[in-house]
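All values derive from a computational prediction rather than experimental measurement. Protein chains get the first letters and strands the later ones, always in sequence-line order, with residue 1 at the start of each.
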Amino acid sequence: MAAPVVERLEARVSELAGAPAQLERPKDSSHGDFATSVALRTAKAAGRAPRALAAELVERLLALDEVESADVAGPGFVNVRLADPFFVAALGEMGEGYGGSWAAQPERVQVEMVSANPTGPIVVSAGRNGAFGDCVARLLSFGGHTVEREYYYNDAGAQIDRFRASVEALRRGEPVPEDGYRGDYVAQLATEEGDPVPRMLASIEQTMERFRIHFDGWSLQSELERRLGEFLPRLDTYERDGALWARSSAYGDEQDWVLVRSPDKGGAPTYRAADVVYLVDKLERGFDRAIYVLGADHHATARWYAAIARMLGYDADRVEVLLYQFVHLTSAGESAKASKRAGNVVFLDELMDEIGVDAARWYLVNRGPDQTIDIDLDLASEKSAKNPVYYVQYAHARIAAILRNAGASPELVLSQHKLVGEEKELIKRLSDFPVTVREAADRRGPQLIPAYAIRLADEFHRFYHECRVLGDPAEEFRLALCRATQRVIARCLDLVGVEAPDRM
RNA sequence: GCGCCCGUAGCUCAGCGGAAGAGCGGCGGCCUUCUAAGCCGUUGGUCGGGGGUUCGAAUCCCUCCGGGCGCACCA
């Protein structure tokens with residue numbers, strides 16, 4: 001999980017400690033390059049004082065070639081400082097594909113995301129859905145899984161009917177119905193011919209491509225509903241009040257849900273009926289794992305999906321629901337209630353117009369999915385200029401400038417010079433990458449990537465300031481360090497869907 | 001009432017059992033040298049309150065307070 005050279009060292013330390021030891025990066029680098037709390041963890045079982053155990057470990061560690069110094073700190077931490085060859089070896093392992101392909105058993109994964117009704121353009125909240133889902137997809141893909149992105153859209157049902165009715169009303173020169181959709185885009189569609197739904201969908205796809213999300217597949221609710229007949233017999237259902245219910249409460253859900261409405265409610269299947277068909281469709285299409293990316297208001301549906309998976313005899317662990325909190329829009333501190341129907345929303349395209357695609361993607365994935373996002377529209381453009389994404393991109397561009405000026409040179413990293421602090425710190429930060437990216441993927445927490453990228457850029461800018469690359473006796477070593485840094489920065493940026501510019 | 005999420009620096013937020021952090025803001029420095037969208041210094045916190053578990057808790061458990069969102073034969 002860690003960089004291989006760190007893993008090897010970890011194994012040696014574990015051996016010497018007589019127990020599994022984890023090497024941690026102290027927050028304060030004056031404590032050392034790495035630290036381990038293994039003495040604290042094992043002291044009780046060993047019936048020894050933690051500091052005494054730690055002192056013994058220090059003695060043994062000092063015998064290792066790669067250890068420059070080691071000492072006991074605090075209640076029993078062991079701080080270790082490593083010799084130059086360790087850093088040189090670490091850098092040597094940071095080639096193409098560094099940090100990726102960790103999956104021992106690669107899976108076929110489907111990430112279904114955005115899936116907004118095609119009743120209007122994609123709003124910022126749906127953009128967050130996409131930014132989150134797409135980053136998870138990129139992380140899994142980097143780990144070695146095969147990932148497909150899919151958009152599920154409701155092309156039938158009450159909302160769509162209202163949407164069509166709104167457009168048609170305008171075409172007839174009548175006002176939009178009370179419960180209809182307003183907004184400039186509705187008026188625009190009214191001036192065009194034909195069904196507004198496919199047009200809306202095409203425009204959504206365009207927005208998503210601009211946002212750098214490419215969908216491999218599009219599923220229609222109406223098509224799935226048509227296959228409902230083959231699945232109903234496989235479900236545990238019953239009739240009540242004229243409607244057909246799924247007995248989901250018997251499979252872990254909190255309640256039962258209507259699959260087919262009663263005749264006096266129109267007798268049509270609910271979206272939950274389509275859910276069932278879609279879930280089976282996903283699993284039968286050969287995906288080992290089906291990931292749903294849903295807004296926090298859908299938190300209850302996680303249980304529903306798990307329940308129908310069990311009801312149909314599938315392993316519920318193959319179904320995963322990722323939730324994210326909403327994006328609240330404020331204007332000069334006043335909160336603006338967002339409603340697509342009312343037309344007072346901010347579209348993702350508008351946000352991209354305002355702050356650019358890079359800043360928009362970074363902004364929407366920068367914070368954990370459990371955190372609500374408030375966007376103050378009046379501050380959006382001002383904030384964009386200070387977006388940390390540029391700080392990271394700038395590091396990439398600076399490296400590109402050095403490499404442009406350097407001309408051809410081998411990937412050789414051997415160095416005879418005495419490493420300076422900035423070089424070591426940068427290499428240590430690079431050695432964190434495999435752990436970080438893996439954790440981001442496992443936890444479905446893409447926000448870890450921007451946070452890491454900022455720290456990495458930080459180390460690079462410091463290195464750049466202190467260490468001359470071109471013309472220095474250590475030029476080749478430093479060029480190798482630059483190349484490794486550039487690769488990792490570019491990878492981080494790619495993982496969050498942001499471009500890595502060579503010039504700024 | 002029940003369920004999910006959140007409460008960490010002036011602001012926006014990372015941190016998910018090991019030694020309290022970043023960005024922005026404030027104050028003060030650094031451009032004849034590979035990009036100053038940069039670097040350095042400084043300012044700044046009872047991690048919402050209270051209990052508990054642990055050698056160790058912002059982190060896990062309980063509880064209270066405050067906020068967001070759900071609890072449809074809408075999607």
>> Determine whether a donor-acceptor pair (one donor, one acceptor, N or O, separation below 3.5 Å) exists between the side chain of A:Asp275 and the base of B:A75.
In response: no
> If you check the A:Tyr394 side chain, which of B:U35, B:A75, B:C34 turns out closest?
Replying inline: B:U35
>> Between A:Glu320 and A:Arg444 (salt bridge meaning N to carboxylate O under 4.0 Å), is one present in this structure?
In response: yes
> Does the gap between the ring centers of A:Phe77 and A:His31 come in under 6.0 Å?
Replying inline: no
>> Once you apply a heavy-atom cut-off of 4.0 Å, does A:Ala73 come out as touching a base, just sugar-phosphate, or nothing?
In response: base
>> Could you identify the nucleotide paired to B:U53, looking across every strand shown and requiring Watson-Crick or G-U wobble geometry with both distances under 3.5 Å?
In response: none
>> Distance check, C1' atoms only: B:A58 and B:C2, in whole angstrom units.
In response: 28 Å
> When only distance counts, do a donor and an acceptor, one from the side chain of A:Ser262 and one from the base of B:C73, lie under 3.5 Å apart?
Replying inline: yes
> A:Gln371 has a side chain; which of B:U33, B:C13, B:G23 sits nearest to it?
Replying inline: B:C13
> Closest to the A:Arg462 side chain: B:U35, B:C39, B:C74?
Replying inline: B:C39
> Under 6.0 Å from the CD atom of A:Gln255, do we count more than 12 heavy atoms belonging to anything else shown?
Replying inline: yes
> With centres under 5.5 Å and planes under 30°, do A:His31 and B:A19 count as stacked?
Replying inline: yes
>> What's the closest nucleotide to the side chain of A:Leu448 if the choices are B:A75, B:A14, B:A36?
In response: B:A14
> Partner of B:U42 by Watson-Crick or G-U wobble geometry, both contacts under 3.5 Å, or none?
Replying inline: B:G26
> A:Val258 has a side chain; which of B:G18, B:C73, B:C16 sits nearest to it?
Replying inline: B:C73
> Hey, what do you get for OG (A:Ser166) to CD (A:Glu178), rounding to the nearest 0.5 Å?
Replying inline: 11.0 Å
> Which one is paired to B:C69, where only Watson-Crick or G-U wobble pairs with both distances under 3.5 angstrom count?
Replying inline: B:G3
>> From C-beta outward on A:Ala397, which listed nucleotide comes closest to its side chain: B:G68, B:G23, B:U35?
In response: B:U35
> Using the C1' atom in both, what is the distance from B:C47 to B:A57, to the nearest Å?
Replying inline: 11 Å
>> Using whole Å, what does the distance between atom P of nucleotide B:G70 and atom CH2 of A:Trp257 come to?
In response: 13 Å
> Who is the Watson-Crick or G-U wobble partner of B:C16, with both distances under 3.5 Å?
Replying inline: none
> Given atom CE of A:Met504 and atom C1' of B:U35, what is their separation to the nearest angstrom?
Replying inline: 10 Å
> Can A:Phe77 be classed as stacking with the base of B:A19, given a centroid separation cut-off of 5.5 Å and a plane angle cut-off of 30°?
Replying inline: yes
> Considering only B:U35, B:C39, B:A75, which nucleotide approaches the side chain of A:Tyr464 most closely?
Replying inline: B:U35
>> From the set B:C73, B:C69, B:G23, return the single nucleotide nearest to any side-chain atom of A:Phe326.
In response: B:C69
> Are A:His461 and A:Tyr391 close enough that their ring centres sit under 6.0 Å apart?
Replying inline: yes
> Syn versus anti for B:C31, judged by chi lying within 90° of 0?
Replying inline: syn
> What is the ring orientation for A:Tyr185 with A:Phe347, classed by angle as parallel under 30°, tilted 30 to 60°, or perpendicular over 60°?
Replying inline: perpendicular
>> Of the listed nucleotides (B:U12, B:A75, B:G15), which one gets closest to any side-chain atom of A:Arg367?
In response: B:U12
> If we call it a pair only when both distances are under 3.5 Å in a Watson-Crick or G-U wobble match, what pairs with B:C47?
Replying inline: none
>> Return the pairing partner of B:C34 with a 3.5 Å limit on both distances, Watson-Crick or G-U wobble; otherwise return none.
In response: none
> Among B:C73, B:C34, B:A14, which nucleotide sits nearest the side chain of A:Ala243?
Replying inline: B:C73
